[in-house]
Number of protein chains: 2
Amino acid sequence: MSGTVRTPLRRDPIELARSNWIGNGWSDAADGMALVTSIMRLQQVFLGRVEGVLRPHGVTFARYEVLRLLAFSRSGSMPVGKIGQRLQVHPASVTNAVQRLEDAGLVRREANPDDGRSVLAALTPKGRRTVERCTDELNAQIFSLLPISLAEQRRAFRALRGIRQAVGDFA
Amino acid sequence: MSGTVRTPLRRDPIELARSNWIGNGWSDAADGMALVTSIMRLQQVFLGRVEGVLRPHGVTFARYEVLRLLAFSRSGSMPVGKIGQRLQVHPASVTNAVQRLEDAGLVRREANPDDGRSVLAALTPKGRRTVERCTDELNAQIFSLLPISLAEQRRAFRALRGIRQAVGDFA
DNA sequence: GCCGTTCACTTTGACGTCAAAGCAACTTGG
DNA sequence: CCAAGTTGCTTTGACGTCAAAGTGAACGGC
């Protein structure tokens with residue numbers, strides 16, 4: 001969709017919605033609506049950019065996150081269920097991602113010797129090379145180039161972390 | 001998935017990732033990574049909550065946004081292309097949403113008398129009743145109850161708006 | 001007045017996400 | 001020690017999103 005918006009809109013559509021909210025007597029919800037909507041929109045923007053960087057490497061953001069997590073782990077492998085907990089995604093999504101990563105030769109499935117129900121996902125050498133390259137590009141092209149100051153990034157992060165904590169994302 | 005996370009994680013997984021970033025010498029990208037990841041995660045959380053509120057009304061968030069936009073318009077109708085621009089979503093997504101809203105009797109498609117290529121989506125009375133009920137519930141159950149102060153909501157909104165503007169979301 | 005281009009929308013296909021159901025392995029109470 | 005319940009993962013189905021291709025209407029230059 002990024003490529004579809006020919007002309008940037010004159011006025012911020014979220015400010016417009018906020019005005020409409022206030023005009024309808026919903027002032028007490030206007031700021032929350034604006035914040036939630038902003039988050040929705042930015043997720044869409046960032047996801048598009050991130051996938052643009054990752055596409056040449058043949059991975060999506062969901063799969064990159066799995067690779068990244070495995071690369072940080074001591075052994076380079078982890079039970080599928082634990083991946084889901086750490087990334088906070090549905091088990092079915094992890095199954096899907098690991099399946100495709102395995103098809104691409106970036107990950108190998110192994111039996112868990114400690115638990116016959118569990119499946120380990122293990123990084124292959126190719127997977128490790130891929131994740132390092134992807135990380136370098138994401139850092140260089142996106143994460144280190146956000147168009148607001150570091151101080152503002154940290155402030156925004158802290159505010160959002162407050163929400164995440166309050167909704168029970170972590171203790 | 002909300003219902004799938006049994007136990008909140010001990011430590012914030014994003015803080016963990018941030019530590020790993022710094023430990024790997026990617027300090028200049030760590031804050032950006034943390035902010036982007038937070039946005040991704042919160043989108044998931046809020047989308048889940050919003051859809052939970054809307055589900056009993058038989059609409060999804062994507063469809064609700066279309067209804068809400070139409071309800072704010074003078075005539076209660078709008079070309080589908082303009083809907084896509086205002087909501088900043090791909091034309092195919094609008095086609096999809098309008099199709100399902102029409103199937104549910106919440107919207108009617110009409111020819112645009114001014115342009116034979118264009119299709120108008122027009123709110124039906126049932127659509128208008130639905131969107132008002134949905135808005136009331138979203139306001140009461142989500143937007144007016146965010147677990148950070150109004151001041152923090154506004155600060156976070158402004159920081160995120162700065163990003164949205166910088167990436168060309170609006171002029 | 002025509003032809004080529006642009007524009008508005010739709011269709012198709014790939015992908016990720018969640019919910020719910022299914023299955024096999026592990027655990028627990030009696 | 002076995003039946004009942006729980007846990008870890010997979011499968012299936014519905015939905016939204018984007019990219020790319022397709023269709024038909026409108027426009028613009030000659």
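All chains are named by letter (A, B, ...) in the order of the sequence lines, taking the proteins before the strands, and each is independently numbered beginning at 1.
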Report yes or no: is the cationic atom of A:R18 (NZ for Lys, CZ for Arg) closer than 6.0 Å to the six-membered ring centre of A:W26, at no more than 45° off its axis?
-> no
Rounded to whole angstroms, how far apart are CG on B:N96 and P on C:dA8?
-> 20 Å
Whole-Å distance, B:L47 CG to C:dC18 P, equals 9 Å
Mapping A:R63 and B:G81 onto DNA chain C by nearest heavy atom, which one lands closer to the 5' end?
-> B:G81
Distance, rounded to the nearest Å, where B:F61 contributes CZ and C:dT17 contributes P = 18 Å
Starting from C1' on D:dC18, measure out to CZ on A:R49 and report it in whole angstrom.
-> 16 Å
Would you mind reading off the distance between A:L87 atom CG and D:dC9 atom P, rounded to a whole angstrom?
-> 13 Å
Does B:R49 come within less than 4.0 Å of B:E51, counting only side-chain N to carboxylate O?
-> no
Does a side-chain N-to-carboxylate-O contact under 4.0 Å join A:R161 and B:E15?
-> yes
Looking at every strand, decide which applies to B:T60 at a 4.0 Å heavy-atom threshold: base, sugar-phosphate, or nothing.
-> sugar-phosphate
Looking across every strand, which nucleic acid part, if any, lies under 4.0 Å from B:R55 by heavy atom: base, sugar-phosphate, or nothing?
-> nothing
Are A:Q44 and D:dG16 close enough that a side-chain N or O sits under 4.0 Å from OP1 or OP2?
-> no
Rounded interatomic separation in angstrom, taking CD from A:E51 and P from D:dA20 = 13 Å
With a 4.0 Å cut-off on heavy atoms, is A:A62 in touch with a base, just the backbone sugar-phosphate, or nothing at all?
-> sugar-phosphate
Where the side chain of B:H90 is concerned, which of D:dC18, C:dA20, D:dT17 is the nearest nucleotide?
-> D:dC18
Which of the following nucleotides, C:dC9, D:dC18, D:dT17, is nearest to the side chain of B:P79?
-> C:dC9
Go through residues 99-118 of chain B and report each residue with a non-hydrogen atom lying under 4.0 Å from DNA chain D, sorted by number.
-> B:R100, B:D115, B:G116, B:R117
Mind checking side-chain contact (heavy atoms from CB on, under 4.5 Å) for B:R100 and listing every partner two or more places apart, or none if nothing turns up?
-> B:R63, B:N96
Less than 4.0 Å between a side-chain N and a carboxylate O, is that true for B:R154 and B:E152?
-> no
Could you pick out which residue, A:A92 or B:V119, lies toward the 5' side of DNA chain C when each is mapped onto its nearest nucleotide?
-> B:V119
Nearest-angstrom distance from the residue atom CE of A:M40 to P of D:dG16 | 13 Å
Figure out the CG/C1' separation between A:L54 and D:dA19, and round it to whole Å.
-> 17 Å
May I ask you to check if A:R155 and A:F157 form a cation-pi contact, with NZ or CZ under 6.0 angstrom from the six-membered ring centre and within 45° of the axis?
-> no
How many angstroms lie between CD in B:Q153 and CD1 in A:I163, if you round to the nearest 0.5 Å?
-> 7.0 Å
